[in-house]
Amino acid sequence: MKILVCVKQVPDMESKFKIDSSSKWYDQSDLVYKINEYDEYAAEEAVRLKEKISDAQLTVLSIGPERVKDVIRKVLAMGADRGVHILDNEEYLKDPFQKASIIAEYAKSENFDVIFTGLQSQDRGSAQVAPLLAGMLDYAFVSTIVSFEYNEGYAALERELEGGLRAKVKAKLPVVLACQLGLNTPRYPTLPNIMKAKRKELKTVNVDELLKVEPLVETEKVYFPERKAGGIVLEGKADEMADELIKILKDKTQVVK
Amino acid sequence: MKALLIGEYKQGKLEESTYELVGFAKQFGIDNVMFLVAKDDVDLKYDSKVYIADADKYKEYNPDIHTKLIEEVAEKENPDYIIFSHSSYGWDMAFRLAVKLKVAPISEVIGYNEGTFVVPCCNSKFRRDVKPKTQKAVITLQGGAFAPVSEGTPQIEKIDAEGIEPSVEFIDYEMPPKTGVDLTKAEIIVSVGRGVGKKENIELEKELAQTLGAEIGASRPVVDSEWLDQSYQVGTTGQTVAPKLYIACGISGAIQHLAGMKKSGFVVAINKDKDAPIGEIADVFVVADVNEFVPILTKKLKSA
Ligand SMILES: Cc1cc2nc3c(=O)[nH]c(=O)nc-3n(C[C@H](O)[C@H](O)[C@H](O)COP(=O)(O)OP(=O)(O)OC[C@H]3O[C@@H](n4cnc5c(N)ncnc54)[C@H](O)[C@@H]3O)c2cc1C
Ligand SMILES: Nc1ncnc2c1ncn2[C@@H]1O[C@H](COP(=O)(O)O)[C@@H](O)[C@H]1O
């Protein structure tokens with residue numbers, strides 16, 4: 001069985017964000033990067049599947065600049081067999097259709113049986129790359145996976161629906177699965193595994209070899225949302241802010257007396 | 001301008017979000033027809049044409065067959081936009097359909113202005129204005145972003161699809177375990193987010209809640225980390241609440257959280273990051289470390 005997991009490197013969402021000079025995205029300097037939260041669950045599930053099946057091979061793929069090798073190495077240390085880095089210094093300027101087509105172009109000759117992805121990236125958050133990829137490869141697609149089990153020839157899945165309701169579904173292989181938060185408990189790579197990962201194959205492919213399509217969507221601008229009109233901001237000493245808050249609550253709500 | 005709206009039907013009922021799709025089209029003066037997989041007795045208040053496929057025959061969830069049916073309707077109606085909810089039902093069809101039709105996919109739309117769509121990014125820290133580069137587009141609308149419209153009697157046309165071998169099969173629904181907390185009736189909710197740092201710190205919010213006679217709520221990561229059980233979760237995949245007072249402690253204010261609590265009467269946010277998106281709906285934004293501020297607030301409320 002051949003398994004692929006697609007992981008994205010994103011900034012820590014608690015970073016201080018600035019909008020870049022073109023107003024098309026955030027400024028990428030001075031940020032701390034890590035693996036997209038959703039993709040960590042996808043990676044863990046992929047590693048578990050690989051460990052269960054004797055002849056399975058797990059590939060981890062990421063598109064982005066040199067620094068995204070860090071997240072590839074992390075997933076190699078979690079247990080993936082080989083890494084593919086698609087070098088693209090302008091990943092952030094591409095639309096989801098282009099990103100999906102880059103992955104599809106790479107994946108089409110590999111014939112993966114199961115492709116794990118995150119439900120969405122924390123920064124772009126389009127939730128599109130996975131279903132677009134499935135559409136391009138003509139694979140089955142199921143989103144918002146909170147439980148996964150492999151049985152001969154098919155995947156037994158649970159999806160999380162709105163309001164916490166779940167649905168059990170069965171999907172034929174080959175399939176693209178977009179993983180939701182809480183699917184499993186991702187492991188921490190151990191030191192020996194981190195060392196071992198350094199010796200695993202990590203191939204770099206230039207994006208120009210794989211990108212063959214124009215974008216379908218154009219970003220006009222990126223901006224901060226407005227604060228609530230009339231909203232009050234309290235800053236300063238905790239003690240004084242608490243007094244002020246209690247006064248406001250007594251004034252404006254009927255529930256604090 | 002014409003739209004094909006994809007209604008949603010779950011557990012034998014029309015989903016309210018369907019009316020938000022109608023609201024969107026009406027708000028921007030877009031002609032519209034609807035597609036829906038439902039049973040015969042569906043209660044739909046809609047003043048235009050609706051193509052209905054039988055839910056007994058095609059199941060409420062069956063992305064391959066539903067997509068095929070939608071394609072057939074799209075061929076007849078030739079819409080500029082095909083509009084889904086940004087939901088578990090929409091995700092499994094909308095973007096694959098965009099690939100098939102070779103049109104621009106635009107997701108999680110929260111605003112619209114003459115062909116430009118507003119979408120959030122970076123966990124709602126930013127907004128993005130985006131434009132399709134194709135004449136037509138497949139779009140998904142964020143729940144709660146547009147006011148619902150439900151009125152009228154639809155003209156129904158039944159439709160069928162033949163000869164499709166589905167790749168995904170629906171088996172069954174599973175209800176979330178009922179563990180008791182019903183937040184929908186709470187007057188005050190003190191809600192805990194990842195910003196509290198660790199499970200033990202939630203004691204501070206519990207004490208504040210007790211002092212105020214409030215219930216405890218939580219954001220999703222708090223539940224995923226098993227600091228509190230699922231029944232406390234507020235948001236699209238948790239409960240939808242509308243207390244008189246909502247105190248968000250260390251919650252950033254992602255769209256999926258806001259969707260579950262933005263009808264609250266008065267919102268207080270306690271967050272160390274002044275730019276956190278919860279500021280968009282907070283009546284009072286306290287810039288502070290929750291673990292330091294909450295005990296002080298509790299103490300003062302107790303002695304007041
Ligand atoms: C399909 C789908 C459904 C979802 N459903 C839900 C849902 O139902 N409910 C839900 O909540 N989420 C849901 N989410 C997840 C949502 O997108 C966010 O990831 C989540 O709401 C973030 O939770 P948070 O605000 O607690 O954590 P974070 O986003 O990590 O925010 C933590 C906040 O705490 C602040 N902070 C950190 N330390 C401190 C400190 N010491 N003092 C004060 N402030 C501090 C930070 O500034 C930050 O703003 C869903 C996502 C998807 C894709
Ligand atoms: N640059 C990237 N490299 C690898 N995988 C990606 C990349 N961007 C998105 N993905 C995958 O697609 C999923 C959805 O991303 P998005 O459509 O941006 O919300 C992510 O969770 C990843 O699994």
Side-chain angles (χ1 to χ4, degrees), chain A residues 13-14 17 26 96-97 122-128 131-132 134-136 140-144 159-172 181-182 215-225 227-228 231-235 238-239 241-243 245-246 248 252-256, chain B residues 61 87-88 91-92 95-96 99-100 104-107 116 121-123 125-134 167-176 187-188 212 220 224 230 236-238 244-245 265-266 268 273 277 279-288 292-293 296-297 300-301 304:
Chain A
M13 285 298 135
E14 291 200 23
F17 283 89
Y26 55 79
F97 182 74
Q122 286 173 284
D123 55 353
R124 176 71 66 170
S126 71
Q128 286 182 19
L132 292 174
M136 291 166 187
F141 172 70
V142 186
S143 70
T144 188
R159 309 182 68 218
E160 183 187 52
L161 314 183
E162 290 63 35
L165 180 70
R166 290 176 169 210
K168 288 190 176 172
V169 308
K170 257 167 85 167
K172 287 186 187 149
L181 304 172
L216 294 180
V217 177
E218 173 188 344
T219 299
E220 292 187 328
K221 64 171 191 286
V222 170
Y223 48 95
F224 280 102
R227 206 176 271 288
K228 175 159 185 170
I232 300 167
V233 178
L234 299 179
E235 275 179 288
D239 195 56
M241 290 193 291
D243 286 332
L245 178 61
I246 292 170
I248 298 170
K252 301 252 172 91
T253 75
Q254 286 94 51
V255 286
V256 179
Chain B
Y61 169 84
S87 65
S88 57
W91 298 326
D92 285 20
F95 313 116
R96 294 199 63 157
V99 172
K100 260 196 188 161
I106 296 188
S107 48
T116 296
C121 61
C122 285
N123 246 349
K125 278 182 205 296
F126 300 120
R127 298 273 178 273
R128 240 160 27 101
D129 283 355
V130 298
K131 226 184 171 130
K133 290 172 85 99
T134 52
S167 59
V168 183
E169 189 190 334
F170 172 80
I171 312 283
D172 207 353
Y173 288 116
E174 211 170 279
M175 291 305 281
E187 291 225 308
I188 307 178
L212 286 167
R220 179 170 187 132
D224 286 336
Q230 152 80 36
T236 46
T237 44
K244 290 186 176 141
L245 173 60
F266 198 85
V268 176
D273 173 13
E280 238 187 302
I281 58 148
D283 295 283
V284 181
F285 192 115
V286 181
V287 186
E292 183 195 336
F293 182 77
I296 294 174
L297 180 64
K300 289 196 182 261
L301 282 165

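The analysis underlying the following values was restricted to heavy atoms, covering all of them including side chains, and did not include hydrogens, waters or symmetry mates. The chains referred to below are lettered A, B, ... by the order of the sequence lines, with proteins before strands, and numbering in each begins at 1.
For chain A, the nearby parts of B:Ser87 are the backbone and the side chain; heavy atoms of each come within less than 4.5 Å. Looking at B:Glu292, only its side chain comes within 4.5 Å of chain A, counting heavy atoms on both sides. Of the atoms belonging to A:Thr253, it is side-chain heavy atoms, and not backbone ones, that fall under 4.5 Å from chain B. At a 4.5 Å heavy-atom cutoff, the contact between B:Asp283 and chain A is made by backbone and side-chain atoms alike. Of the two parts of B:Ile281, only the backbone, made up of N, CA, C and O, holds a non-hydrogen atom closer than 4.5 Å to a non-hydrogen atom of chain A. Within the 4.5 angstrom heavy-atom criterion, atoms from both the backbone and the side chain of B:Phe170 approach chain A. Heavy atoms of B:Lys100 lying under 4.5 Å from chain A are absent altogether. Both the backbone and the side chain of B:Pro105 have a heavy atom closer than 4.5 Å to some heavy atom of chain A.
For B:Lys300, the salt bridge (Lys or Arg N to Asp or Glu O under 4.0 Å) partners at least two apart in sequence or on another chain are A:Asp239, A:Asp243. Listed by chain and residue number, nothing satisfies the salt bridge (Lys or Arg N to Asp or Glu O under 4.0 Å) test with B:Lys133 (two or more places apart in sequence, or in another chain).
The residue among A:Gln122, A:Lys252, A:Lys221, A:Met13 with the most heavy atom pairs within less than 4.5 Å of chain B is A:Lys221. Most heavy-atom pairs under 4.5 Å with chain B: of the set A:Gly231, A:Ala134, A:Gly163, this distinction falls to A:Gly163. Taking chain B as the reference chain and counting heavy-atom pairs below 4.5 Å, the highest number among A:Gln254, A:Lys172, A:Gln128 is found for A:Gln128. For the set B:Thr134, B:Leu212, B:Ile106, the entry with the most heavy-atom pairs within less than 4.5 Å of chain A is B:Ile106. Ranked by heavy-atom pairs under 4.5 Å with chain A, the list B:Asn123, B:Ile188, B:Asp129 is led by B:Asp129. Ranked by non-hydrogen atom pairs under 4.5 Å with chain B, the options A:Val256, A:Leu181, A:Val233, A:Leu245 are led by A:Leu181. The candidate with the highest count of non-hydrogen atom pairs below 4.5 Å against chain B, out of A:Ile248, A:Thr144, A:Val222, is A:Val222. Of the listed residues B:Gly265, B:Ala282, B:Pro132, the one with more heavy-atom pairs under 4.5 angstrom with chain A than any other is B:Ala282. Comparing A:Phe141, A:Tyr223, A:Phe97 by how many heavy-atom pairs each has under 4.5 Å with chain B, the most go to A:Tyr223. Highest contact tally toward chain A, considering only B:Leu301, B:Leu245, B:Ile296, B:Val287, is held by B:Val287 [criterion: heavy-atom pairs under 4.5 Å].
Between A:Tyr26 and B:Phe126, the ring planes are parallel. Angles under 30° get that label, and only those over 60° would be called perpendicular.
The line from OG of B:Ser167 to NZ of A:Lys170 is 13.0 Å long, rounded to the nearest 0.5 Å. In this structure, the separation between CZ on A:Phe224 and CZ on B:Arg127 is 11.5 Å, given to the nearest 0.5 Å. Residue A:Ser143 holds its OG atom at 11.5 Å from CZ of B:Arg96, rounded to the nearest 0.5 Å. One distance of note links SG of B:Cys122 with CG of A:Asp123; it measures 5.0 Å at 0.5 Å rounding.
Checking B:Thr116 against A:Glu220 by side-chain atom types alone, a donor-acceptor pair falls below 3.5 Å.
Counting heavy atoms from C-beta outward, B:Tyr61 and A:Arg159 have side chains that approach closer than 4.5 Å. Two residues are said to be in side-chain contact when any heavy atoms from C-beta on lie closer than 4.5 Å; A:Arg166 and B:Tyr173 fail this criterion.
Here the closest heavy-atom approach between residue B:Ala104 and residue A:Val217 is recorded as CB-CG2, 3.8 Å.
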Step-by-step side chain to side chain donor-acceptor pair (under 3.5 Å) determination, A:Glu162 to B:Thr237: CA-CA 5 Å; A:Glu162 290 63 35; B:Thr237 44; over 6 Å; no
CA sep, side-chain torsions, deciding dist, call: A:Leu165, B:Glu174, side chain to side chain contact (heavy atoms under 4.5 Å, CB included): CA-CA 6 Å; A:Leu165 180 70; B:Glu174 211 170 279; over 6 Å; no
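The existence of a salt bridge linking A:Arg227 and B:Glu280 is excluded, since no basic side-chain nitrogen approaches an acidic carboxylate oxygen closer than 4.0 Å. Residues B:Arg220 and A:Glu160 are paired through a salt bridge, judged by an N-O separation under 4.0 Å between the basic side chain and the carboxylate.
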